[in-house]
Q: 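Structure below; questions to follow.
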Amino acid sequence: MKDRVRSLVAEGIERCFADGSLASNQMPAIVIEKPAHAEHGDFACTVAMSMAKAERKAPRVIAETIVKHIENGEGGIIGEIDIAGPGFINFRIKNEAWSRTLVAVEAAGANFGRSCAGEGHKVQVEFVSANPTGPLHIGHGRGAAIGDTICRLLSASGFDVTREFYYNDAGAQIANLALSVQARCLGIEPGDPRWPADGYQGDYIKDVARSYLNRETVDAGDQHVTAAGDPNDLDAIRRFAVAYLRREQDQDLLAFDVHFDVYSLESSLYTEGRVEEVVRRLIENGHTFEQDGALWLRTTDFGDDKDRVMRKSDGSYTYFVPDVAYHLAKWERGFTRVINEQGADHHSTITRVRAGLQALNAGIPQEWPEYVLHQMVTVMRGGEEVKISKRAGSYVTLRDLIDEVGRDATRFFFLMRKPDSQLVFDIDLAKQQSLENPVYYVQYAHARICSIFEAACDRGISVPSFPDAHVYLLGTPEEIELIKLIGSFPEVIEGSALSFEPHRITYYLQELAGAFHSFYNKNRVIGEEKELSSARLFLLKCVAQVLKNGLALLGVSAPEKM
RNA sequence: GCGCCUGUAGCUCAGCUGGAUAGAGCAACGGACUUCUAAUCCGUAGGUCAGAGGUUCGAAUCCUCUCAGGCGUGCCA
């Protein structure tokens with residue numbers, strides 16, 4: 001609908017240019033927006049004000065000129081056009097024209113809201129990418145919810161999305177993990193002088209050790225590892241522990257309904273020689289130097305504030321070197337767009353990875369890959385903040401959260417704030433099945449509509465399809481508001497997708513649910529007038545469809561009964 | 001010190017990429033169930049958009065500075 005108004009304005013301006021009533025002859029960007037106040041109409045256009053400078057005329061004069069040249073026609077959708085304020089052109093849509101929106105919803109069904117904005121372009125989204133050194137915690141949960149919904153949004157916007165998880169199954173933290181499990185195998189506890197420095201102290205390490213000593217087998221992805229059971233075989237312990245914890249993480253993600261297309265292992269970058277190859281090319285390109293027994297990358301050449309160690313004096317690489325190799329591989333796999341969703345505490349990797357990629361001189365754009373960083377999550381329980389310390393083992397896991405508050409509420413809560421904002425996860429609130437809980441508010445709207453359908457069915461009234469629904473009878477303010485909101489769903493998805501801001505969907509759904517509840521309290525759906533009933537049932541069918549489609553983007557269910 | 005993020009109603013947060021009189025939910029107060037789910041709705045009240053400059057027809061939004069909080073600034077990831 002908005003696009004139709006935009007093209008009417010564009011045609012009007014063209015005619016002004018053609019007959020010389022506007023001089024600049026330069027088509028401006030035409031912004032159509034929703035007025036802040038209903039009395040200003042259904043759509044507002046600001047173009048007259050933005051043209052004021054080029055035309056050297058008062059915005060209201062330009063607006064009048066444009067309006068005279070807009071041809072609405074007999075069967076047009078516009079009811080009234082007027083000029084208001086500093087030069088807004090306000091449009092009011094004829095009531096009967098809104099029915100087109102409902103017809104579109106019914107025709108598209110589960111596909112309503114999808115677009116082709118992405119033109120089928122390949123995009124890869126990497127998210128979660130937790131180290132296999134422990135269960136997923138609440139921060140990973142936020143990343144999982146945001147990343148997964150960004151994928152769903154991009155997919156709905158016509159992109160060809162690949163979801164990817166990167167396992168850091170090599171490096172110092174993994175060595176640390178192996179030592180921690182070994183210590184537990186030998187009965188050594190934290191505090192003991194033999195306990196490894198910075199060892200992982202969580203209870204789950206004991207579980208890994210017990211399984212290892214019991215010679216259990218774990219299946220994780222394409223890995224099948226049977227424990228050797230020998231507490232002196234550190235390498236065997238490492239392989240087993242990584243597989244064990246990866247399996248745990250996989251199960252957590254499954255419980256959260258998050259799935260990946262590709263799992264990439266850091267260890268394979270070493271075994272395939274990609275890390276060595278990257279180091280060789282970086283040296284060859286002259287961006288490295290040796291100092292203090294280490295090899296450094298001159299990242300300051302690419303905007304970093306200090307140079308960074310690539311190869312430590314003990315011969316191993318720092319984390320960002322395999323990261324560079326990994327991203328080079330992504331580029332070579334043909335992903336001209338890559339989005340990395342990660343916690344803001346890992347922000348410093350961005351400059352290093354991009355610097356490494358630039359230093360390779362491989363024709364990779366400076367701003368590639370793109371990043372979505374989510375800020376910290378704090379957990380409240382009983383009005384107090386729950387402290388998270390991985391090493392001390394006090395730990396709010398994603399699994400605990402899903403078990404306690406349910407998957408729907410967990411996902412919805414993680415998606416209620418924009419990624420840039422810190423998030424306070426109030427466990428008590430998320431568990432409440434009350435009006436304070438926005439998840440229930442939205443889900444209840446869907447269930448309530450289903451309940452109305454059931455009541456209609458009991459009275460022998462069926463929910464109509466378009467030709468049988470008397471949509472021209474719709475016209476109360478609540479009905480028009482609902483239709484307008486439904487009609488804006490596609491552009492909400494597109495905006496949300498292109499800006500990587502899933503929270504726009506949660507806000508939209510709360511607004512739509514609110515509009516429905518208002519409608520429900522003022523208008524009776526099943527009533528004496530059969531034709532009006534059919535029109536309203538049809539409207540609600542469309543509302544339910546959009547609620548369901550929106551919730552699906554969040555990975556939240558749309559129950560028919562509550 | 002430097003980099004990134006944040007600062008909007010008592011609280012938690014939106015604000016559609018620069019538009020009209022800045023919004024919603026909680027909390028407070030007052031109302032609405034003989035009715036399709038009261039897990040709902042309606043109304044009242046609540047603001048120096050952290051502060052100061054600047055850019056222009058127009059700024060919560062863009063630029064600069066200041067203040068406050070969070071994160072980072074490892075030969076950890």
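Just so it is clear: chains get the letters A, B, ... in the order the sequence lines come, proteins before strands, and each one is counted from 1. These numbers come from a predicted model, not from an experiment.
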Q: Cut-off 3.5 Å, side chains only: do A/Asn340 and A/His327 have a donor facing an acceptor?
A: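 Checked: A/Asn340/A/His327 side chains pair up, N/O donor to acceptor below 3.5 Å.
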Q: At under 4.0 Å between heavy atoms, what does A/Thr46 touch on the DNA or RNA strands: base, sugar-phosphate, or nothing?
A: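 A/Thr46: base contact, heavy atoms under 4.0 Å.
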Q: Give a yes/no on whether any side-chain N or O of A/Ser316 is located under 4.0 angstrom from OP1 or OP2 of B/rC75.
A: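 No, no such contact exists.
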Q: Within 45° of the six-membered ring axis of A/Tyr263 and under 6.0 Å from that ring's centre, is NZ or CZ of A/Arg246 located there?
A: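 So A/Arg246 does make the cation-pi contact.
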Q: Assign A/Ser313 to base, sugar-phosphate, or nothing according to its heavy-atom contacts below 4.0 angstrom with the strands shown.
A: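 Base contact - A/Ser313 has a heavy atom under 4.0 Å of at least one base atom.
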Q: Say whether A/Ser267 and A/Asp169, considering side chains only, have a donor N or O and an acceptor N or O under 3.5 Å apart.
A: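 A pair is found: one side chain offers a donor N or O, the other an acceptor, under 3.5 Å apart.
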Q: Any chance NZ of A/Lys57 has more than 12 other-residue heavy atoms, nucleotides or ligands included, within less than 6.0 Å?
A: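 Yes, NZ of A/Lys57 has more than 12 neighbouring heavy atoms, counting only those of other groups under 6.0 Å.
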Q: Ignoring backbone atoms, establish whether A/Tyr200 has a side-chain N or O less than 4.0 Å from OP1 or OP2 of B/rA77.
A: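 For B/rA77, neither OP1 nor OP2 has a side-chain N or O of A/Tyr200 closer than 4.0 Å.
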Q: Please classify the nucleic acid contact of A/Lys561 as base, sugar-phosphate, or nothing, using heavy-atom distances under 4.0 Å.
A: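 Contact class for A/Lys561: base.
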Q: Rounded to the Å, how far apart are A/Lys522 NZ and B/rC42 C1'?
A: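 Roughly 7 Å, once rounded to whole Å.
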Q: Under 4.0 Å between any heavy atoms, over every strand shown, what does A/Ala456 touch: base, sugar-phosphate, or nothing? Just pick one.
A: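 Touches nothing.
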Q: Output the rounded distance in Å from CG (A/Asp428) to P (B/rC26).
A: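 Checked: the CG to P distance equals 18 Å.
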Q: Looking for any heavy atom pair under 4.0 Å, which part of the strands does A/His503 touch: base, sugar-phosphate only, or nothing?
A: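 Sugar-phosphate contact only.
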Q: Using ring pair (Phe, Tyr, Trp, His ring centres under 6.0 Å), reason through A/His470 and A/Phe538 one step at a time and then give a plain yes or no.
A: CA-CA 9 Å; A/His470 303 267; A/Phe538 183 68; over 10 Å; no
Q: Roughly how many Å is it from CD1 in A/Ile89 to P in B/rA20, rounded to a whole number?
A: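 In whole Å, B/rA20 P lies 16 Å from A/Ile89 CD1.
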Q: Which comes earlier along RNA chain B counting from the 5' end, the contact point of A/His37 or that of A/Gly171, where each point is its nearest nucleotide?
A: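 Looking at RNA chain B, the more 5' nearest nucleotide goes with A/His37.
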Q: Within the 4.0 Å heavy-atom criterion, would you say A/Ser499 contacts the bases, only the backbone, or no part of the nucleic acid?
A: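 Base contact.
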Q: Base, sugar-phosphate, or nothing for A/Ala44, non-hydrogen atoms under 4.0 angstrom?
A: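 Result for A/Ala44 = base.
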Q: Would the A/His517 and A/Tyr441 ring centres measure less than 6.0 Å apart?
A: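 Yes, they do, as the ring centres are separated by less than 6.0 Å.
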Q: Counting the atoms with a prime plus P, OP1 and OP2 as sugar-phosphate, which does A/Ser421 contact under 4.0 Å by heavy atoms, base, sugar-phosphate, or nothing?
A: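 Sugar-phosphate contact only.
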Q: Looking at A/Glu164 and A/Lys330, is any side-chain nitrogen of the basic one under 4.0 Å from a carboxylate oxygen of the acidic one?
A: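 Not counted as a salt bridge, because no side-chain N and carboxylate O are separated by less than 4.0 Å.
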Q: A/Phe165 and A/Tyr167: aromatic ring centres closer than 6.0 Å?
A: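 Yes, the ring centres sit under 6.0 Å apart.
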Q: Just the rounded figure in Å: distance from P of B/rC57 to CD1 of A/Ile62.
A: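 Checked: the CD1 to P distance equals 12 Å.
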Q: With sugar-phosphate meaning primed atoms plus P, OP1 and OP2, does A/Glu454 contact a base, only sugar-phosphate, or nothing at under 4.0 Å between heavy atoms?
A: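 If one applies the 4.0 Å heavy-atom cut-off, A/Glu454 turns out to touch nothing in the nucleic acid.
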Q: Where does B/rC33 land, syn or anti, once you apply the within-90°-of-0 test for syn?
A: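 Syn conformation for B/rC33.
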Q: For nucleotides 32-35 of chain B, give me every protein contact, N/O to N/O, under 3.5 Å, one pair per line with atom names.
A:
unit_1 : atom_1 : unit_2   : atom_2 : d
B/rU35 : O2     : A/Arg524 : NH1    : 3.4

Q: Applying a 4.0 Å non-hydrogen cut-off, can you work out what A/Asp307 is touching in the nucleic acid: base, sugar-phosphate, or nothing?
A: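 Nothing: the residue A/Asp307, judged by heavy atoms under 4.0 Å, touches no strand.
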Q: Detail all sub-3.5 Å separations between protein N/O atoms and N/O atoms belonging to nucleotides 67-71 of chain B.
A:
unit_1 : atom_1 : unit_2   : atom_2 : d
B/rG70 : O2'    : A/Gln422 : NE2    : 3.3

Q: Would A/Arg354 and A/Phe302 count as a cation-pi pair here, with the cationic atom under 6.0 angstrom from the ring centre and within 45° of the axis?
A: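 Judged by the rule, A/Arg354 and A/Phe302 form no cation-pi pair.
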Q: Under 4.0 Å between any heavy atoms, over every strand shown, what does A/Asp426 touch: base, sugar-phosphate, or nothing? Just pick one.
A: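 Nothing, no heavy atom under 4.0 Å.
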Q: Given B/rC75, B/rG15, B/rG19, which nucleotide is nearest the side-chain atoms of A/Lys418?
A: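 So the nucleotide nearest the side chain must be B/rG15.
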Q: Is A/Lys53 touching bases, backbone alone, or none of the nucleic acid, heavy atoms closer than 4.0 Å?
A: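 Touches sugar-phosphate only.
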Q: Scan A/Ala447 against the nucleic acid and name what it touches under 4.0 Å (heavy atoms): base, sugar-phosphate only, or nothing.
A: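 Base contact.
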Q: Mind checking if A/Asn90 touches a base, just sugar-phosphate, or nothing, with heavy atoms under 4.0 Å?
A: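 Since a base atom lies under 4.0 Å of A/Asn90, the category is base.
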Q: Indicate the ring-plane relationship of A/Tyr507 and A/His503, choosing parallel, tilted or perpendicular according to the 30° and 60° boundaries.
A: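 Perpendicular.
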Q: What is the glycosidic conformation of B/rU17: syn, defined as within 90° of 0, or anti?
A: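 Classified syn.
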